[in-house]
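Contents: one structure, followed by commentary.
The sequence lines fix the lettering, A, B, ..., with proteins before strands; numbering per chain opens at 1.
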2 protein chains.
Amino acid sequence: MSAPSHLDRAPSLADVLAQRLEQDIAQGHYMPGEKLPSEQQLATTYGVSRPIVREAIGRLKHDGLVTSRQGSGAFVAESGAASVFRLDVANFKDRQEIESLIELLMAIESSATELAAQRRTEQDLIALGHQLEAMQGAIERGDSGVDEDVAFHRAIVEATKNPFFMDLSTFLDRRVRHFIRTARANTAKLQTGHMMAVQDEHRNIFNAIRDKDAQGARHAAESHLKKAAQRLAIYMKPV
Amino acid sequence: MSAPSHLDRAPSLADVLAQRLEQDIAQGHYMPGEKLPSEQQLATTYGVSRPIVREAIGRLKHDGLVTSRQGSGAFVAESGAASVFRLDVANFKDRQEIESLIELLMAIESSATELAAQRRTEQDLIALGHQLEAMQGAIERGDSGVDEDVAFHRAIVEATKNPFFMDLSTFLDRRVRHFIRTARANTAKLQTGHMMAVQDEHRNIFNAIRDKDAQGARHAAESHLKKAAQRLAIYMKPV
DNA sequence: CATAACCAAGTTGCCTGACAAGATGGCAAC
DNA sequence: GTTGCCATCTTGTCAGGCAACTTGGTTATG
């Protein structure tokens, strides 16, 4: 709750005010549809200037929590209107939480793979095959193959034809990789033995998607992600 | 693209500038770690005042896309540092997209139910049982039972002990319910026959969680959500 | 010559004051 | 009683300025 992670960047006044207002709205202090106090009034009550209030309210507007009409005021949006899902970065402090995130990623990718098997077109299959070949080429060249790995998973979620799966998957994937990259000792390198195992698992997923075997695809994906998580675990600090 | 749905609220200058900068960062116009132009410079180049620039940059900071150091400047964050997943409200225009959203919700809840079966404590089971009884009471009283329904699902995701599942699930659930509530004809009312079916399906989920039957829990959840989606479909306009 | 202290310029964080545009409520005229 | 108008409030935007902080070069010192 208090310990600063990297840099204790002083929270700006707009930060704390936005958080305060967000909290007040979440706790029902301001009800949906209710008009919240004018900027001037908020400025005086919280002891800050109006631009700061504007900035704070601007963030709430950006997040879809309030809507404002010029000349009238700012109003609390209906409870389901929020348009962002925020992963609080401050939460990333221990192994427990990155594992929770990976768990979520696994859930998404498993379902995505299952859907991909049901819906893949011939073009999707071709794209998937190309990524598989690209990965093989990376192995033979001795490259890291990380980009090809990412591209393969991206091709899967694209085959779902569901934009939310695509967006959430890439978001979580980036987030997890970012965490791993910053947390692990830089000396550790991916081993080619690992890469060949990854390639085998990818091929299993590919075959299931090719055969439109939804259950098989889910199982292959779950197996792959489980093993990937184990491989990643060696890069993470012990709890 | 043009027809205003409710109110055609003119996008503020800070809105367009923030969107513009976000786009520039996403497209690699500014690379991670790079220092972006000073506020004064941005203000002159885009023809707006400095407070507007501050507000726009403030949003990017809030979303984790940039970090600023006083006296030094604002820098583009590393690509995986973004802390928000945004579901663009503008996308919700047709049935196709709400169905995609429901699909995502189903994926989350199915996995959550599976995890809940693996991890539920005795307390979780007791809480789940209470929600089941509350739902039964609502049926007998003739209430809508919506709140009890939500509470039951919430109890499931809480049993996962994974905060991301909890947050994402409640977020998506609210979002979907909000959409349904605004899209459906208000005359339509839930039928008690539906409620009893829901209660049966909930009981199946409960039993599987009680028995720590992960696979059974997933199947029960999938079946329940599939039927729930069908029941909801009658409230939605045809494509 | 190398190193350390120092200072000036640039940048962000924040404030005050002001004006324009749109909305709202009451007052006056009919 | 109804209608039209205007004073007032609120948001949107701008201008200018000061304090705190970082940075890089310059100068003084060992």
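Using modelled atom types, no side-chain atom of B:K226 and backbone atom of B:H224 make a donor-acceptor pair closer than 3.5 Å.
With sequence neighbours excluded, no residue satisfies side chain to side chain donor-acceptor pair (under 3.5 Å) with B:R20. Scored by the side-chain contact (heavy atoms from CB on, under 4.5 Å) test, B:S111 finds A:A107, B:F165, B:R218 as partners (sequence neighbours excluded). Partners of A:F152 according to the ring-ring contact (aromatic ring centres under 6.0 Å, His included) rule, which considers only residues two or more places apart in sequence or in another chain, are A:H202. A search for side chain to side chain donor-acceptor pair (under 3.5 Å) contacts involving B:S110 returns nothing, not counting sequence neighbours. Every residue meeting the side-chain contact (heavy atoms from CB on, under 4.5 Å) condition with B:V48, not counting sequence neighbours, appears here in chain and number order: B:L13, B:L17, B:Y46, B:I52, B:V53. Not counting sequence neighbours, the partners of B:E158 by the side chain to side chain donor-acceptor pair (under 3.5 Å) test are B:R154. In this structure B:E148 satisfies the side chain to side chain donor-acceptor pair (under 3.5 Å) test with no other residue, sequence neighbours excluded.
Heavy-atom minimum distance, A:G64 versus A:A77: O-CB, 3.5 Å. Residues B:K35 and B:S72 approach most closely at CE-O, 3.3 Å, considering heavy atoms. Here the closest non-hydrogen pair linking B:T113 and B:E109 is OG1-O, 2.7 Å.
Note that the first and last nucleotides of DNA chain C, 5' to 3', having any atom under 4.0 angstrom from a heavy atom of chain B are C:dG10 to C:dC14.
Under the 4.0 Å criterion applied to side-chain N and carboxylate O atoms, A:D124 and A:R119 are not assigned as salt-bridge partners.
Across the protein-nucleic acid pair, A:R54 atom CZ and D:dT10 atom P stand 14 Å apart, rounded to whole Å. As a whole-Å value, the separation of A:E55 CD from D:dT13 P is 14 Å. Per the geometry, CD1 belonging to B:I52 stands 6 Å off C1' belonging to D:dT13, to the nearest Å.
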Identify the pairs formed between an N or O of the protein and an N or O of nucleotides 18-26 of chain D at a distance under 3.5 Å, and give each distance.
from, atom 1, to, atom 2, distance (Å)
D:dA20, N3, B:Q70, NE2, 3.2

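The residue among A:P51 and A:G73 whose nearest nucleotide of DNA chain D is located toward the 5' end is A:G73.
Terminal axes of the helix from C:dC1-D:dG30 to C:dC30-D:dG1 (five pairs each, C1' rotation axis) are separated by 20°, to the nearest 10°.
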In a table with atom names and distances, give each donor-acceptor pair under 3.5 Å that connects a side chain of residues 55-63 of chain A to protein atoms at least two apart or in another chain.
from, atom 1, to, atom 2, distance (Å)
A:E55, OE2, A:R59, NH2, 3.1
A:R59, NH1, A:D15, OD1, 2.6
A:K61, NZ, A:S68, OG, 3.3
A:D63, OD1, A:R86, NH2, 3.3
A:D63, OD2, A:R86, NH2, 2.7

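Applying a 4.0 Å cut-off to non-hydrogen atoms, none of the residues of residues 32-41 of chain B approaches DNA chain D.
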